[in-house]
Amino acid sequence: MIFSPLTILWALPIVGGFLALALRSGKRAGVFSIALSLISLAFCALLPWREGAALAVTGPAWAYGIHYALSMDGLSWVMCLLNAFLTVIALVSSLGEERSAGYWAAFLFLEGALMGVFLASDLFLFYVFWEVVLIPMFFIIGLWGSANRKHAAVKFFLFTFFGSVLMLLGILALVTLRHRATGVWSWDMQGLQGVATGPAAWAIFAALTVGFGVKVPIVPLHTWLPDAHTEAPAAGSIMLAGVMLKMGVYGFLRIAIPIFPHLSWRLLPWLAAIAAINIIYGAFCALAQSDLKRLVAYSSIAHLGFCLVGVFSRTVEGLAGGTLQLINHGLTTGALFLMVGILYERSHKRGIRDFGALFGQAPWLTFFFSFSIMASIGLPGLNGFVGEFMSLAGAARVLPILAVAGVAGVTLAAAYALPAYQLVFWGDRGPSSVSSHVTDLTVREQALLWVLCLGMLYIGLHPSGLLSVITPATKGLAL
Amino acid sequence: MTAVLPLSAILIFAAPISAVLISFFLVRPFKPRWTHWPILISCAVVAVSAVRIAMRVYTTGPLDVTLAQWMVAGSWSLSFGLRLDGLSSAVLAMVAVVGALIHVYAAGYMEEDECMPRFFLFFHLFYLAMIGLLTSNNYVQLYLFWEMVGMASYYLIGFWYHKATARRAAMQAFLVNRVGDFGFMLAALLLLSAFPGSGARFTAVFPAVAKAPPALVCAIGYLLFWAATAKSAQFPLYFWLPDAMEGPTPVSALMHAATMVTAGIFLMARSWPLIAGVPHLPHLIAWVGAATALGAGIVAATKTDLKRILAYSTVSHLGIMALGVGLGEIGAGIFHLITHGFFKAVLFLCAGNIAHGLGKPTATVDEAGGLIKKMPLTFVCFTVAAFSLAGIWPFAGFYSKDAVLDAAHAFGPGMGLVASAIGFMSAFYIFRMLFLVFLGPRPRQEGGEHGGHHIHEAGLWMGIPVLLISIGAVCVGWFGGQLQSLLSMGWMAAAAPTVPHMKVLEAWPSLALAFAGAAASYWWTTIKPNWDWDWREKSPALAAVFASDFGWKPAMAWVAQAVVALSNWLGLSLDKGSWDRLIEASAEGAVEAGGAGAALATGSVNDYVWWMAAGVAVLLLAVLFL
Amino acid sequence: MNQAVWAVCFALFAVGLSLLILRRELLVMLLGLELMVNAANIGVVYGASLTGDAAGLSAALLIIAVAAAEAVIGLSLILRVYQSGRSPESDVLRELRG
Amino acid sequence: MSAAAVGGLLAPQMVLAAGLLGVLGAGMAAFSPKFIKSLMILAILGAFALAFGAHPGAGDALVGLDGLGFSWQLVFYAAALPLAFLMVAESEVAPALVLGSLLGLGILAVSANLLMLFIGLELMSLPAYLLVARSRGGAKTSVEAAIKYFFAGGAAGGLFLLGLALYYFTQKTMSFAGPGGFGAEAGIALMGSAALFKIGAFPLHFWLPDVYEASDPELTGFLSTALKAGGVLLLMRLAALSPAGAFSRALPWFGAATMIFGAVLALKQERLQRLLAYSSMAHAGNIILGVGAWAALGASPAAAVAVFFYLAAYLFMNNGAFSFLKATGAKTRADLHGLGARNPKAAAAFAVLLLALGGVPPTAGFLAKLLIFWAAFKAHLYIPLLLAALGALLALGYYLALLKDLYFEDAPAQAPALEPGRGLAVLWTCAVPAAVLGVAPWVLTYMSRLLAL
């Protein structure tokens, strides 16, 4: 029935969000929100889901075949877990500043909506959650962001809405075509395979690709991302990069590819080109940035390209690796945004050249930053490598040229990440440096980063734990 | 699985890992000055274990075990494993022993540096990475340690991060290695698709080479060589190595002698069963090696910074090793790798002692001169190593280097000519260095007498390791036969490698060339004491050619600038300036269109009715024609 | 006959519409409005007379009543414009626009 | 059918008429304005209750009640309630005018004949002209707006009559069941232009921003929901005369043009009522597209759920938005700056409404747009559909801009004094359904049952 653990999983944070608002005082709301996010993390981790959608909810039919239907498989579970985990990180990282109750509530709403996206098995429900995600993020950027936040918030919302509208049209078309073929109105994600043929299939797939692609984001639909990331508060960036970008790839995995298994395979050269361009273009753009946050943002574009490579390769290892890379990117980029946020909080600067020689006074910050940077550029033994390597291994099997592009991206990653790292943490303190304002990490921040970095190391050396959860859910898509 | 592992195989990993963890978490926070103790103990354990492993392999044969799953997806999987065969245990023994002694040296060298704990942690990580690299049983795991070596070297080269040159060198080293890693990673990926189900394990890959798609195998071979050119500093990617001198001297010694640069040669030897079958590749390796060896040898003769001379000498000798491997003389190549590890370590440590004695972080020949009286022990060690490097009987270098050069002579007259030049240049530059530093001082040299500084020998920490390694630089060459039998243990290609036994009388042409080189350098350093300074002043153009490595360094700088320019164009001009601008402009355009459209609403009701009439007209037209 | 009646009907309607579009004096525009309504009414009456449809004729009467009500409201609005001290011309009433 | 049965059909209209007489009488008897207002509210509530309990039936030649009329009647009366509650009534005039206009709408709902439609149209419009003229205490601009409204509306009425004459002449009847043909098509087109005028379709809309801007906010809410719903009903009746005719097929294009024009024009408006006026054009475009799709799919009343739901959702959203303007006294976008902090409750409700107007899930506006798009898709109206998607994007642009004003902009140093009126209760009453109706699709099942009555 409706009141199943899965409902609680998404509803708990949303109800919590309202309660946090009702608490009014920012301090109390903060403590409450963190407690709630921890509970939902524990709840998610302990959910007794089993392979084969053992946990599923289907409510009564509403109208036109719309159901309240949720289900959880390995893919959903890892995404939900990532979401719950990064929410905890984001919230705890926000403790350093005075925040109003609305701030905490917004993150809980965001968490709940994201859970819904990863749980929904009805297209209507999926779309509703997909869009609801935008609302708290819009306020997070617009209310608690930095200088250019207003513009960035509106741009973020409009840009992603553009993709969503196209996606909605695609979904509508699918549902209508199924009705034409079978006489049944249903918004179920299952059973849509083959309802669209010919030009309709092409058009629908294109619409879905744009819809999911804006979120990923795929080049050239990416320009909202650097602005949104740059202006969002650190915790917002963590959620944005850590979880929200994953919605796009999740959409490909959950909807676009299962519904169009053959078409997406025939389009492999084009999709692969998109992914390859993402990797290379993202890396080059990151190389040109002088703002730390923008740099990490562009690096996200490149990293998500690896996920796409793996997913589009449609091999068992590629799909698993691409999905794992979603988690990896969440941890790594989450940590990086967290630290850039810490730098910004202390110095109110983000420019790479605003800093210098931070090593001397902030050794722990330096340690964690270099650790995360190394994970980010795919140093084997850490998480980033596993995801990238498996994705590219899939690619190498089906389209070796794609692997070439991917490996070139790995190479370029070092070229953009290390100079930035060096300029900030090594080197001289320039005349305009604000390094003297930067103090080393507090115990709270250290604890967060230890968790993140140990996670990176764990996945890097023992990814099979997560992979054994992901693979059964994704291998059905392999050809 | 672990049951079959001998204790020493466990210890080569367990000791360094636990030492690093203990030092980082327990010792460093409380007694930072003691950070090196767990690490030194670990070095001793590793050195002993490595020797034991070599003995074990020598007597009982190779060991190849898969220890744990790494990445698994369905039937696709990669695992962690250990391969201790002749090749790995031989190199491992040298790396472990030389590396351990360099650790001891570093304990003295870094005594007064306040960042000593950080140094030792990375230093030991570097060592650990090299051990892992040598003992991997599959390509992907090898790649893991390959990258880890690069990472550790990055932090060590940039150890003195406040120095701009150190930062630049660290970055260059890492990035150039990454460019090489492009080849390795791609090769590993292609391996996995060319040999499905192999898990990239050597034992699964090599027997199947003949059955795999030839085009893929060919690509893999060339890519692996590309990777090796970066790590082992071969043309075209050699140029990071001379700059990597910016780190502390023990780092240079470890990097040049025992770890890092030998990895590429090791990779080629390891992959020989695959590379041997790729058309033209072995010859390419040989020629690249020869060209690198000769070019770097010439440049080494023009350098004045002591460590730089040695750095180019390393590049040159790596070229010799590559030449050996390329000619199919894997045994000779690996033999040279091992002997080179010893004598190069001595040379670097001596250079460190000289700089230390002069009270400077680095020294040039201008600052030295006539040190024979003030640093006699260093002089002796340096001389031994220089003889070894020059390939003079009965020192170690003679047996290995001349074996390679002999093979080159056998290959053909062209290669033979190049090999002769290499032999001559090796002797020339190392004796030039020896004479310039220890004889004299010449009129242009300070002879260390600056600011009333008292020149002295280094302490025991720095002296004893040099002495011990010097013994190796003398003797290791005598064990070629044993090496040959060791290498044949678990050798995966058809023909076991041979280590040619050089006889002093048969090798007279090489010896003659070496002596000629030594004599020439005596002529131009001591008989004509000012020549080394004069030619530079007389022909600056020529000096510039050498200083730019025959123009290769500016070319590479141009490439780097081109990448930066391209990224600026893409990331700032195209992405932000054009594309994003266009998107924003479309939104602004819509708003402006709204402003312009507002002019239609004139406020006059007559106009409103006119518009209505127009609308009705459209409707009526639709009725007429639709 | 049909054509003649409809020609008159359309012509009157067009004249009314033209007054509405071209003239600025509100009273003249009101005149045009009445002209339009009555021109249309001619069509109704003619249609009803052809078939002798009583419903049609009563419809015409109703339309006349509605037109009268409309005229009253129009005049009262024009009066309001007078009272606010503005001349009753559409050119004056252009404060709202854009 | 007996006269009594017809009378039963007309019960809500009779209540309204009685209320109208009662209000006038009470006014002459000098009852307090408060009492008069209560009488009006009572009449509207009574009409709503009776309309809700009515049993649709065929009626006679002039009136009849089908599912469409039944459902729309509910919208009409419900949409009048915010105005009834919020309006300032100093005498009996304004309440009487409101009741008169509502009576016209009620007649429209039960019309089974073109003449009745005309009478309903005129009766709903004429009081509206006067209500506009009386807005803001009879300000100059209000009179100006009324004049424009009157002349443009008069012209529309004339066009309707000309179409009626043509239709009658060629079909020999004023009922909905003519034989069709070119004369009928032309007549429908002319009459339909009056309906398009009422809805505010491009290019017959130019009166609309002026009128919406110059009226009291609550009146604008009424005009943009109740009267617009009347126009939509008129349009649907006319389109149903010839569902495959030229007029019906032209509708999607008018809809697309209207929504793009409205959305673009709204983007640069500074005055809130004018902005919302153009935004209501954008919504009107969606509705017209929905009607076009409905006609293309056969124009059966039961299939009108999309349009009905849109109107119902729009009723809450727009009345809510205008009651926010009433409650806070905000007139320009600059007035909104910092309101999120100064007046968090009203701002939160307005934010919900803005998201709903923008069509963001889970609000009612989302489901409304979804249904329209879906209907258009089913009717193969692909290009208008894409234009509608573009329109939705443009529309979101100005709603987000308002959200930005509300929350992200700081209040200016000396904030202009606003004149807050009542309306918070109405605001929240509108905001809650607008927020949740989007994830309550079972409402649709209920609606289609109503429409099929």
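So that the names make sense, note that chain A is the first sequence line, chain B the second, and so on, each numbered from 1.
Counting heavy-atom pairs closer than 4.5 Å to chain C, the top-ranked of the candidates D/A146, D/A155, D/A133 is D/A155. Across D/V211, D/I119, D/L265, D/L166, the residue that shares the most heavy-atom pairs under 4.5 angstrom with chain C is D/L166. Contacts with chain C were tallied for D/A61, D/G138, D/G154; D/G154 has the most, counting heavy-atom pairs under 4.5 Å. Ranked by heavy-atom pairs shorter than 4.5 Å toward chain C, the options D/T170, D/T173, D/I147 are led by D/I147.
The distance between the ring centers of C/Y46 and C/W6 does not fall below 6.0 angstrom.
Contact of C/S90 with chain D is not made at all, since no heavy-atom distance falls under 4.5 Å. Heavy atoms of C/L50 lying under 4.5 Å from chain D belong exclusively to its side chain. The contact between D/Y278 and chain C is made entirely by side chain atoms (from C-beta outward), counting heavy-atom distances below 4.5 Å. Both the backbone and the side chain of C/A48 come within less than 4.5 Å of a heavy atom in chain D. Only the side chain of D/F118 comes within less than 4.5 Å of a heavy atom in chain C; its backbone stays farther off. For chain D, the nearby part of C/L33 is the side chain; its heavy atoms alone come within less than 4.5 Å. Both the backbone and the side chain of C/L30 come within contact range of chain D, with heavy atoms under 4.5 Å apart. Interface remark: D/L115 contributes side-chain atoms only to the contact with chain C (heavy atom separation under 4.5 Å). Both the backbone and the side chain of D/F151 come within less than 4.5 Å of a heavy atom in chain C. Heavy atoms of D/L130 lying under 4.5 Å from chain C belong exclusively to its side chain. Of the atoms belonging to D/L123, not a single heavy atom falls under 4.5 Å from chain C.
At least one side-chain heavy atom of D/L196 sits under 4.5 Å from a side-chain heavy atom of D/F247. In this structure, D/K198 and D/M124 have side chains that are in contact, with non-hydrogen atoms separated by less than 4.5 Å. Residues C/F13 and D/L159 form a side-chain contact, since some pair of their non-hydrogen atoms from C-beta on lies under 4.5 Å apart.
A cation-pi arrangement, defined by a distance under 6.0 Å to the six-membered ring centre and an angle within 45 degrees of its axis, is present between D/K172 and D/F169.
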Start with the C-alpha distance between D/R271 and D/E213, add both sets of side-chain angles, then the distance that settles salt bridge (Lys or Arg N to Asp or Glu O under 4.0 Å), and finish with yes or no. CA-CA 8 Å; D/R271 285 162 294 179; D/E213 184 189 345; 2.9 Å; yes
Audit row: D/R274, D/D210, salt bridge (Lys or Arg N to Asp or Glu O under 4.0 Å) steps and yes/no: CA-CA 7 Å; D/R274 202 169 181 84; D/D210 292 355; 3.0 Å; yes
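Contact check on D/K148 versus D/E144 returns a salt bridge, with a Lys/Arg side-chain nitrogen under 4.0 Å from an Asp/Glu carboxylate oxygen.
A ring pair (Phe, Tyr, Trp, His ring centres under 6.0 Å) with D/H205 holds for exactly one of D/F197, D/Y149, D/F261; it is D/F261.
To the nearest 0.5 angstrom, D/L121 atom CG is 11.5 Å from D/L114 atom CG.
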